[in-house]
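Read through the structure below, which is laid out as structure tokens, and then see the notes.
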Number of protein chains: 2
Amino acid sequence: MTIAKYPSEFNDDAPLQDVLTWRLHIVHSKLNVQAARFLEENSGIPLAYWRIMLAIGPSGSTTHSGIRRTTMMDKGQLSRCLKGMVEDGLVATRGDDTDQRQQRLSLTAKGRRIFGKTLPKMRQRQRFLMAGLSKTETKSIFSALEKLELAAEARVFSV
Amino acid sequence: MTIAKYPSEFNDDAPLQDVLTWRLHIVHSKLNVQAARFLEENSGIPLAYWRIMLAIGPSGSTTHSGIRRTTMMDKGQLSRCLKGMVEDGLVATRGDDTDQRQQRLSLTAKGRRIFGKTLPKMRQRQRFLMAGLSKTETKSIFSALEKLELAAEARVFSV
DNA sequence: ACTTTTTCGTTGACTTGTCAACTAATTTGA
DNA sequence: TCAAATTAGTTGACAAGTCAACGAAAAAGT
């Protein structure tokens with residue numbers, strides 16, 4: 001193996017360790033597993049439910065597509081998730097007065113109870129995750145993510 | 001809605017925008033879409049193939065579980081992926097001399113050709129993604145990700 | 001008014017990811 | 001030496017994510 005073919009950024013020992021997108025992939029996946037397990041154990045709900053609950057809010061009333069704007073979930077996935085949440089008695093629907101295509105969605109009493117119980121725990125988790133980070137790191141990671149998100153929408157990679 | 005119930009970190013306008021794990025989720029998903037599309041268009045291979053190719057390396061020879069250590073992929077998924085890659089003529093297998101359970105895996109000529117063609121492009125993409133980041137941001141995001149990865153393995157969130 | 005276009009949400013088909021059971025080979029350790 | 005435990009990889013079953021087609025309602029254009 002020549003260095004010309006396969007230089008240091010992708011060396012044999014840790015071919016992927018230094019690639020930012022790869023690191024992101026790994027960390028994201030671990031965080032997801034952690035969140036999903038924690039939610040399942042503590043509140044008995046899947047991660048997707050929690051995201052939707054956050055998007056609706058305890059006293060809010062949104063539409064299907066309102067949730068989609070904030071969560072960026074897939075249409076179909078959201079549709080099926082919400083069906084499940086209605087069946088589980090977490091979300092209530094009522095027709096919109098002015099637009100008969102869409103439904104107003106809100107949390108039921110049960111939904112709010114679970115939300116209220118879960119929110120502080122998830123906040124604690126966020127604090128826990130952030131606790132190890134310095135001020136600079138915190139600031140940097142948010143601004144870096146913002147720039148990466150923008151760059152992720154490019155189709156051509158001209159520097 | 002009272003502020004006590006639902007404070008600013010999760011406000012109505014952007015309930016999720018400021019939650020680090022959420023930002024990570026979104027950015028990661030966009031980066032993945034970008035990478036997958038780019039690979040498909042340029043090299044005709046799925047993202048999973050590319051990751052495996054990186055893990056094997058152009059002149060390397062690894063085992064199934066060697067790849068698993070570096071990519072952290074699921075056993076089954078990797079098994080099926082490799083089957084596909086062998087069928088597509090990208091990967092060659094030969095039995096290990098000392099351990100008959102495992103196979104030595106390496107890229108075929110075709111696999112190396114695609115790898116060689118793809119690597120510089122993917123490097124260019126990495127440079128493109130990183131180009132917007134300052135020195136500090138780059139340093140910070142890596143160290144922050146490292147800390148997050150560690151924290152993601154905790155089961156209890158005591159700060 | 002009425003056709004065309006857009007938006008809303010549902011559904012089906014398909015891909016990818018995840019988990020667990022299983023066979024076979026190897027190592028451990030009585 | 002031989003049973004038990006570990007490791008390698010395959011496979012099946014299922015959950016989650018993605019994509020595209022569709023019908024119904026509303027908005028826009030004529």
Side-chain angles (χ1 to χ4, degrees), chain A residues 25-26 28-37 39-41 44-52 55-56 61-88 91-105, chain B residues 22 25-37 39-41 44-52 55-56 61-88 91-105:
Chain A
H25 177 71
I26 296 297
H28 169 256
S29 134
K30 290 190 179 180
L31 286 169
N32 251 17
V33 169
Q34 183 188 52
R37 188 177 51 189
L39 281 168
E40 180 52 46
E41 284 171 2
I45 56 170
L47 182 51
Y49 280 24
W50 175 242
R51 286 175 179 156
I52 293 172
I56 299 180
S61 155
T62 332
T63 66
H64 192 124
S65 63
I67 298 176
R68 223 146 74 70
R69 264 190 298 279
T70 60
T71 65
M72 305 189 78
M73 281 176 76
D74 177 75
K75 262 179 165 184
Q77 194 189 0
L78 179 57
S79 176
R80 281 178 253 252
C81 261
L82 282 169
K83 207 169 81 180
M85 294 178 83
V86 170
E87 276 166 15
D88 295 351
V91 167
T93 65
R94 58 179 186 76
D96 188 290
D97 300 328
T98 64
D99 188 337
Q100 299 208 296
R101 286 169 307 178
Q102 57 189 11
Q103 301 176 337
R104 310 295 315 174
L105 301 164
Chain B
W22 178 258
H25 176 72
I26 296 297
V27 173
H28 169 255
S29 134
K30 290 189 179 181
L31 285 170
N32 252 16
V33 168
Q34 183 189 51
R37 187 178 50 190
L39 280 168
E40 180 52 47
E41 285 171 1
I45 56 170
L47 181 51
Y49 280 24
W50 175 242
R51 286 175 179 155
I52 292 172
I56 299 180
S61 154
T62 333
T63 66
H64 192 126
S65 64
I67 297 177
R68 222 146 75 69
R69 264 190 298 280
T70 60
T71 64
M72 304 189 80
M73 281 177 76
D74 177 75
K75 259 179 167 185
Q77 194 189 0
L78 180 56
S79 175
R80 279 179 257 253
C81 262
L82 282 170
K83 207 169 81 180
M85 293 177 84
V86 170
E87 275 166 16
D88 295 352
V91 168
T93 65
R94 59 179 186 76
D96 188 289
D97 300 328
T98 65
D99 189 337
Q100 298 208 296
R101 287 169 305 180
Q102 55 189 11
Q103 303 174 338
R104 310 296 314 175
L105 302 163

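No experiment lies behind these values; they were computed from the predicted model shown. These numbers come from the heavy atoms of this one structure, side chains and all, not from hydrogens, waters or symmetry mates. Proteins get letters first, then strands, A, B, ... in listed order; numbering begins at 1 in each.
Looking at which nucleotide of DNA chain C each of A:Ser79 and B:Pro46 is closest to, the 5′-most match is held by A:Ser79. The 5' end of DNA chain D is approached more closely, in terms of each residue's nearest nucleotide, by B:Asp99 than by the other of B:Asp99 and B:Gly76. Checking B:Lys75 against A:Asp74, the closest nucleotide of DNA chain D that is more toward the 5' end is the one next to B:Lys75. When the nearest nucleotides of DNA chain C are assigned to A:Gln102 and A:His25 by heavy-atom distance, the more 5′-ward of the two goes with A:Gln102.
When the side-chain nitrogen and oxygen atoms of B:Ser65 are compared with OP1 and OP2 of D:dG9, one or more of them lie within a distance under 4.0 Å. Side-chain N/O atoms of A:His64 include one lying less than 4.0 angstrom from OP1 or OP2 on C:dT10.
One interatomic measurement links the two molecules: CG of B:Leu47 to C1' of D:dT18, which rounds to 15 Å at whole-angstrom precision. Rounded to whole Å, atom C1' of D:dG9 lies 9 Å from atom CZ of B:Arg68. Atom P of nucleotide C:dA24 and atom CD of B:Gln103 are separated by 16 Å, given to the nearest angstrom. A straight line from CE of B:Met85 to P of D:dT10 spans 14 Å, rounded to a whole angstrom. Rounded to whole Å, the distance from CD1 on B:Ile67 to C1' on D:dG9 is 12 Å. At whole-Å resolution of the value, CD1 in B:Ile45 and C1' in C:dT16 are 16 Å apart. When rounded to the nearest whole Å, the span between CZ of B:Arg51 and P of C:dT16 equals 12 Å. In this structure, the CG atom of A:Leu78 is 12 Å from the C1' atom of C:dC8, given to the nearest Å.
The shortest distance between side-chain heavy atoms of A:His25 and B:His28 falls below 4.5 Å.
How far CE of A:Met73 is from CZ of A:Arg80: 11.0 Å, rounded to the nearest 0.5 Å.
Counted by atom type alone, A:Ser61 and A:Arg104 present one or more donor-acceptor pairs between their side chains at under 3.5 Å.
With hydrogens and angles ignored, no donor-acceptor pair under 3.5 angstrom links the side chain of B:Arg101 to the base of D:dA8.
Closest non-hydrogen pair, A:Thr93 versus A:Val86, comes out as CG2-CG2, 3.9 Å.
Using a 4.0 Å heavy-atom cutoff across all strands shown, B:Ser29 reaches no nucleic acid atom at all.
Nearest nucleotide to the B:Arg80 side chain, out of C:dC19, C:dT10, D:dA26: C:dC19.
Of the possible donor and acceptor atoms, none in the side chain of A:Ser79 sits under 3.5 Å from a partner among the backbone N and O of A:Lys75.
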